[in-house]
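We count ligands from 1, going down the list as the structure has it; atoms in each ligand are counted the same way.
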Amino acid sequence: MGAGSSLETRKRQLQYLEAMGIQAWDLRNSAIEPLAVEQNIAEVAGMDASPADIPGQSAVSGFDWETLRARVKVCTLCDLHTSRTQSVFGVGNRNADWLLIGEAPGRDEDQQGEPFVGRAGQLLNAMLQAIGLQREQIYIANILKCRPPGNRDPRPQEVVCCEPYLMRQIELIQPRLILALGRIAAQNLLNTETPIGQLRGRVHQFRDTGIPLIATYHPAYLLRSPVEKRKAWQDLQLAVETLQEQV
Ligand code: URA
């Protein structure tokens, strides 16, 4: 998937970022070369569903996209189904090189049925544009398919219930790179409690798949802490470079 690297592309990126008022992405002041573009088997303790009700990977293995989507739509494995407007399956190019994984739908996503359509999504779009990617080129999903009330953190049992769906999506997409957006996504995908500040900035492997995984800050966090946008930019560059090295 193309991530532009020409001077023209870079100029457009800068204009775009300026138009978005994204000052901390001010590449001209950064140390970045101007053209260098670029648990979960969590304890099941406290689960409402009994372990027998939880779909193991085998429960959805072999599912095609439509069957998987239909299953997610009617999922009642955890309590989140009682408060959701709808589940948020994921969206994008099913043959994408890039798979972005966030935490869980928020209010806007719960209402619209698509990941990252609120304010954080707008910033995510700008971040993607900055590396020459359109949303249509990538696939976006979340650790959870349903919104936790009040946007609280996902509970371990919710993650356990939902994980097989995401794992099947990863199998179907076979992305060349996973970008974990934020602490919750990074820690769950990497099965660690290491803080996001230590997980970002390097290339991990997604479990035993060999797919490179890069963790970065969640766009909602960047809206609250714009000073960290520069580090997120560095993470995106690392992702672009990691993909380029694979070719
Ligand atoms: N935050 C997320 O992690 N995912 C979304 O889809 C929206 C906001």
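Contacts of D108 classified as salt bridge (Lys or Arg N to Asp or Glu O under 4.0 Å), with partners at least two apart in sequence or in another chain: none. Here E114 pairs with V91, V117, R135 under the side-chain contact (heavy atoms from CB on, under 4.5 Å) rule; sequence neighbours left out. Applying the side-chain contact (heavy atoms from CB on, under 4.5 Å) rule to Q246 yields the partners R176, P212, L243; only residues at least two apart in sequence or on another chain are considered.
Partner of E158 under the salt bridge (Lys or Arg N to Asp or Glu O under 4.0 Å) criterion, chosen from R84, K145, R152: R152.
No donor-acceptor pair under 3.5 Å is formed between the side chain of S225 and the backbone N or O of L222.
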Step-by-step salt bridge (charged side-chain N to carboxylate O under 4.0 Å, His left out) determination, D235 to R200: CA-CA 7 Å; D235 296 333; R200 61 154 298 274; 2.9 Å; yes
List of N/O pairs, ligand 1 versus protein, all under 3.5 Å?
unit_1: ligand 1; atom_1: 1 (N); unit_2: H218; atom_2: NE2; d: 3.2
unit_1: ligand 1; atom_1: 3 (O); unit_2: E103; atom_2: N; d: 2.7
unit_1: ligand 1; atom_1: 3 (O); unit_2: A104; atom_2: N; d: 3.4
unit_1: ligand 1; atom_1: 3 (O); unit_2: H218; atom_2: NE2; d: 2.8
unit_1: ligand 1; atom_1: 4 (N); unit_2: A104; atom_2: O; d: 3.0
unit_1: ligand 1; atom_1: 4 (N); unit_2: N142; atom_2: OD1; d: 2.8
unit_1: ligand 1; atom_1: 4 (N); unit_2: N142; atom_2: ND2; d: 3.4
unit_1: ligand 1; atom_1: 6 (O); unit_2: F116; atom_2: N; d: 2.9
unit_1: ligand 1; atom_1: 6 (O); unit_2: N142; atom_2: ND2; d: 2.9

